[in-house]
Amino acid sequence: MKSVFKGEHDLDIIDDLRKIVIDSINQLVKEHKKSELLNLESIVIEIPKGSIRGDYSTNAAMIIAKDFSLSPKDIGEELKNILMRSKLIDTVSLEGPGFLNIILNESIWTQLLSNILLITTRYGKLDLGQKRKVNVEFVSANPTGPLHIGHVRGAIFGDALSRLLEYTGFIVTKEYYVNDGGAQIDVLGRTLYHRYLELQGDTADLPDEAYPGDYLVPVATALYEKYGDSLITMGVEERHALVCDFAILEMMQLIKNDLKSLGISMDNYFSEKMMIDSGQIDRAIRILEKKNLIYQGVLEAPKGKLQEDWKSREQILFKSTQFGDDMDRPIKKSDGSWTYFAPDLAYHGDKLKRKYDLIVDVLGADHSGYVKRIEAVVKALSSSPVDFKVKLIQLVRLLKNKKPLKMSKRSGDYIMIDDLLKDVSSDVIRFVMLSRKNDVPLDFDVDLILDKSKDNPVFYVNYAHARIHSILSKASQSGLWSEAMNKLEMGTTGSFNSQEIMILIKLSEWPNIIRQATRYQEPHRISYYLYELSSLFHSLYQSGEKDDPYKFIILENKVLSLQRLCLAKSIQIVIKNGLQVLGIVPLKEMY
RNA sequence: GGCCCCGUAGCUCAGCUGGAUAGAGCAACUGACUUCUAAUCAGUAGGUCGUACGUUCGAAUCGUACCGGGGUCACCA
């Protein structure tokens, strides 16, 4: 019987082990003359925690017990006997309610290290996407001002998710929906014109509805440089259109700069205005009309708290309740103009036309009430079921000295991204933003980040990376190590201590972490993994501090030394791969 | 009132696609710097996994109800 591990493929021990278990089960199925297919989806290979003996464990026996009408212990015993035949498996023990604890043949660890050293950046780079097309829409902030801290989390999440999907073989389009067609643009235009008049001596106060903050002042200067005072005598409508267009261009430039400084580049900026002008809304609505999903009707008044200005009125509605929404949704205002929903409806229709296999919307949690109607649109407009996911990003609670920091929209005292980046690198911000699951609120303490940045876990991870770099360069000086060295011929003692094996098991988990993070679209799993891996490394490193035999560089034992250095290098490779998926630059030194 | 998210150690959170003795960080306490980088490590202490019922061999994880916190329920965007 040929070893599964001996193929030329990149090593993915957990997945391979799972295949061995499944093969063994299929063999049992034959032996027991069972013909029906078993549901093997929930069979998992796990890394047991605590003091349980075993490199890996599987719940297989407990899952299949029913199908065989046997107890988990009995079927587990049979499964164990088959598993024991595999050359890769050293021992299998049946424990607890029916877990099979597996210890692999120790030669696997040398193979794992050779494999990681050989394929480096490719280790963990699974082809899960197989060139399927994905659209990830994120940020999509209104082009009425620069990005502030509230936008950062969604921006970084969307970018990291996109990187992850690209890493795993998807073809990703990172897209920004530019709301350049709505009423807020009129306000923007009027505010800019006000600033423009100020330049020419007009001392009127900023109107209440105008955008606060002085970021439009330089834009007004640019406007003046281009047009002089000719705007004042221009026709109102012509002037307003011109000012608005100018403002949008400038605002998008600000936003693009902010994104760039966070390491984010979009593939596509989708203009709402251009879409409206090309008549796409009408077309999308005509499709819905054909499906009988548009009607004139009256909505019931909202229940619960009384809405003072509520008036019953007949409107053009989209029958989103047919797809699970709570109420049908209006698409036109009483003045005949579109609601916000109408262009967004057409926009998702446009995404569908572009034939993506997966469409992801990254939205702020304050849009949670909006999710169902968008899902309804996607269902209504697509001819075949499409994989559509909305990822809601919870708010960032901004703290200063552990106290909530109020940001007032009126005074315009938002913390802007470029302010933040003056004091702290985008890498640090990235790691913090990715250190929580997307649907949990995140505390972001400005002081903690600014003054005591070493409390940030990204330094912990980077410190491990840098330490390894340092060890390796020291080892190079002693001639024990060189990047050009043929690692496949590395000497190994063939045996590893328990601390090293814990790390090797952790390293073997990396492809699986990538698999899970991709499947659930949860980049934070990578942050946690990297922290844990770094922790194991620091611990191992410290063992060498106390005991010379545990050092990485042991001049009098070149074989052992090389083995340790290969382990260190492998850890470094995985940390580097992980940080790069998160869009963070791995450091070679900390000072 | 409807819908969505959350409730796990003093604090901030992992774990949630059902599995074994529920894990980290911070804070507290004890200890380790003639070094391969102490931005680190070792150890101690800390728990009715919001409550109750249910599903089953087995529940922090799934279901129902309730309690508590947040968000959202416009012709806003």
Side-chain angles (χ1 to χ4, degrees), chain A residues 41-42 44 46 48-52 57 59 62-63 65-66 71-72 95-99 101 142 144 179 182-185 299 302-305 307 309-311 313 315 325-327 330-341 343-344 364-372 390 392 394-395 397 402 435-443 445 448 452-457 459-460 462-464 466-475 478 516 519-520 524-525 527-528 531-532 534-535 537-546 548 550-554 561 564-565 568 589-591:
Chain A
E41 277 299 299
S42 44
V44 291
E46 292 173 315
K49 44 193 165 179
S51 54
I52 294 155
S57 94
N59 59 353
M62 293 177 289
I63 300 292
K66 243 179 208 163
S71 74
E95 284 161 49
F99 286 98
N101 293 331
N142 287 337
T144 55
N179 278 156
Q184 79 280 4
I185 295 302
L299 286 175
K303 288 172 186 162
K305 65 168 182 189
Q307 307 260 329
D309 53 350
W310 171 262
K311 275 182 212 157
R313 89 168 45 84
Q315 302 171 290
D325 200 0
D326 309 318
M327 56 188 275
I331 52 180
K332 268 197 181 176
K333 302 182 200 171
S334 56
D335 65 1
S337 64
W338 300 115
T339 62
Y340 173 80
F341 178 51
D344 210 12
D366 53 341
H367 286 67
S368 64
Y370 197 68
V371 173
K372 282 189 178 176
V390 177
L392 287 179
Q394 272 292 347
L395 295 180
R397 276 188 306 231
K402 302 196 172 179
S435 65
R436 291 278 177 272
K437 206 166 134 187
N438 55 287
D439 55 12
V440 166
L442 177 101
D443 286 343
D445 195 314
L448 217 63
K452 294 169 66 187
S453 54
K454 55 187 162 185
D455 282 346
N456 192 297
F459 287 89
Y460 186 82
N462 253 327
Y463 187 40
R467 260 185 164 172
I468 293 170
H469 179 81
S470 166
I471 292 169
L472 293 177
S473 44
K474 271 253 162 60
S478 335
Q516 305 287 333
R519 179 190 293 176
Y520 301 116
H524 77 279
R525 290 168 186 257
S527 315
Y528 276 93
Y531 190 89
E532 288 162 9
S534 301
S535 172
F537 167 75
H538 284 308
S539 178
L540 180 66
Y541 179 93
Q542 214 68 216
S543 304
E545 293 286 286
K546 284 187 187 139
D548 275 1
Y550 286 95
K551 283 190 188 302
F552 288 87
I553 295 172
I554 309 164
S561 189
R564 293 247 169 91
L565 292 167
E589 50 187 19
M590 295 309 286
Y591 335 94

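Order of the sequence lines fixes the chain letters, A, B, ..., with proteins taken first and strands second; residue numbering starts at 1 for each chain. Predicted model, so just to flag it, every value in this text is computed and none were measured.
Residues forming a salt bridge (Lys or Arg N to Asp or Glu O under 4.0 Å) with A:Arg467 (at least two apart in sequence, or on another chain): none. Scanning for salt bridge (Lys or Arg N to Asp or Glu O under 4.0 Å) contacts around A:Arg525 gives A:Glu522, with sequence neighbours left out. For A:Arg519, the side-chain contact (heavy atoms from CB on, under 4.5 Å) criterion is met by no residue, not counting sequence neighbours. In this view, A:Ser337 and A:Asp335 satisfy the side-chain hydrogen bond (donor to acceptor under 3.5 Å, both in side chains) rule, not counting sequence neighbours.
A:His524 comes within contact range of the sugar-phosphate backbone alone, with a heavy-atom separation under 4.0 Å but no base atom that close. Residue contacts for A:Arg397: at a heavy-atom cut-off of 4.0 Å it reaches the sugar-phosphate backbone alone, with no base atom in range. In this structure, A:Thr339 reaches the sugar-phosphate backbone alone: every heavy-atom distance under 4.0 Å involves primed, P, OP1 or OP2 atoms, never a base.
Checked by distance alone, A:Asn101 brings a side-chain donor or acceptor within 3.5 Å of a matching partner on the base of B:A20.
For A:Tyr460 and B:C41, the shortest distance from a side-chain N or O to OP1 or OP2 is below 4.0 Å. Within the structure, every side-chain polar atom (N or O) of A:Tyr340 is placed at least 4.0 Å from both OP1 and OP2 of B:A77.
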Between protein and nucleotides 42-46 of chain B, what N or O pairs are separated by less than 3.5 Å?
residue, atom, partner, partner atom, Å
B:A42, OP1, A:Ser539, OG, 3.0

What does the list of N/O pairs under 3.5 Å between the protein and nucleotides 4-6 of chain B look like, with a distance for each?
residue, atom, partner, partner atom, Å
B:C5, O2', A:Asp439, O, 2.8

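When both pairing distances are held under 3.5 Å, B:U34 makes no Watson-Crick or G-U pair with any nucleotide shown.
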